[in-house]
Amino acid sequence: MLMTPGTPIPAALIPDCTSEEAHRAAYKRAKAEKSIFVCITRQGAHWNVVLDVLSRPLVTGEAAKVLRSVVEELVATGAAAGGANFSTEYVSIHQIESEGRAREIAAAFHAALYGLQQLQVAVPISRQSP
């Protein structure tokens, strides 16, 4: 199934970028398509989620608070046992127990960031600090 650049990626199609070669290829493709980079990586028995909006901050004001609270909830409940990092340009969530759960989380964040991007295009607002 081919995806249209700039659209949310279903969980099953989130790339596994555990190898450096796979990571480079997926990042290069996202950059060429000017889309939000998303992937999962395996680290031992656990999985990580990585999203990068490629230096185009999309998360402003209240949206940043909502996404940050979701990241904090994943950490607080142990779903991301290794913690997480969140900024307006980058999200990484660590030590998720299964590949399926990592794909689900990656797809949800990718859809949320893509939705914020579409909203910003449709209704431009001034940028605010998260």
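In this structure, the separation between CG on Leu51 and SG on Cys39 is 8.0 Å, given to the nearest 0.5 Å. Separating the OG1 atom in Thr18 from the CD atom in Glu99 is a distance of 8.0 Å, to the nearest 0.5 Å. Atoms CG and OG, from Leu67 and Ser87 in turn, are 11.0 Å apart once rounded to the nearest 0.5 Å. Here the straight-line distance linking atom OG of Ser92 with atom CZ of Phe86 works out to 11.0 Å at 0.5 Å rounding. Taken from CZ in Phe37 to NE2 in His23, the straight-line distance is 3.5 Å, to the nearest 0.5 Å. To the nearest 0.5 Å, atoms CG (Leu113) and OG (Ser35) are separated by 12.0 Å.
Two residues are said to be in side-chain contact when any heavy atoms from C-beta on lie closer than 4.5 Å; Asn85 and His94 meet this criterion. Inter-residue side-chain proximity for Ile93 and Phe109 is flagged as met; some heavy-atom pair is nearer than 4.5 Å. Using a 4.5 Å cut-off on side-chain heavy atoms (C-beta onward), Ile96 and Ile105 make contact.
Distance alone, capped at 3.5 Å, places no donor-acceptor pair between the Thr41 side chain and the Cys17 backbone. With hydrogens and angles ignored, the 3.5 Å screen pairs no side-chain donor or acceptor of His46 with any backbone N or O of Ser98. Looking only at distances, no side-chain donor or acceptor of Asp16 sits under 3.5 Å from a matching main-chain atom of Arg42. Without hydrogens or angle criteria, Arg103 side chain to Ile40 main chain gives no donor-acceptor distance under 3.5 Å. Checked by atom type and distance alone, the side chain of His110 pairs as donor or acceptor with a backbone atom of Ile9 at under 3.5 Å.
Here the closest non-hydrogen pair linking Ala26 and Pro15 is CB-CG, 4.3 Å. For the pair Trp47 and Ala102, the tightest heavy-atom approach, listed with the atom from each and the gap, is CB-CB, 3.6 Å. Annotation for Leu74 and Thr77: closest pair O-OG1, 3.4 Å, computed over non-hydrogen atoms.
Using a cutoff of 4.0 Å between basic side-chain nitrogens and carboxylate oxygens, Glu104 and Arg101 are scored as salt-bridged.
No continuous path of ILVMFWY side-chain contacts below 4.5 Å connects Tyr90 to Val75, so the two sit in separate hydrophobic clusters.
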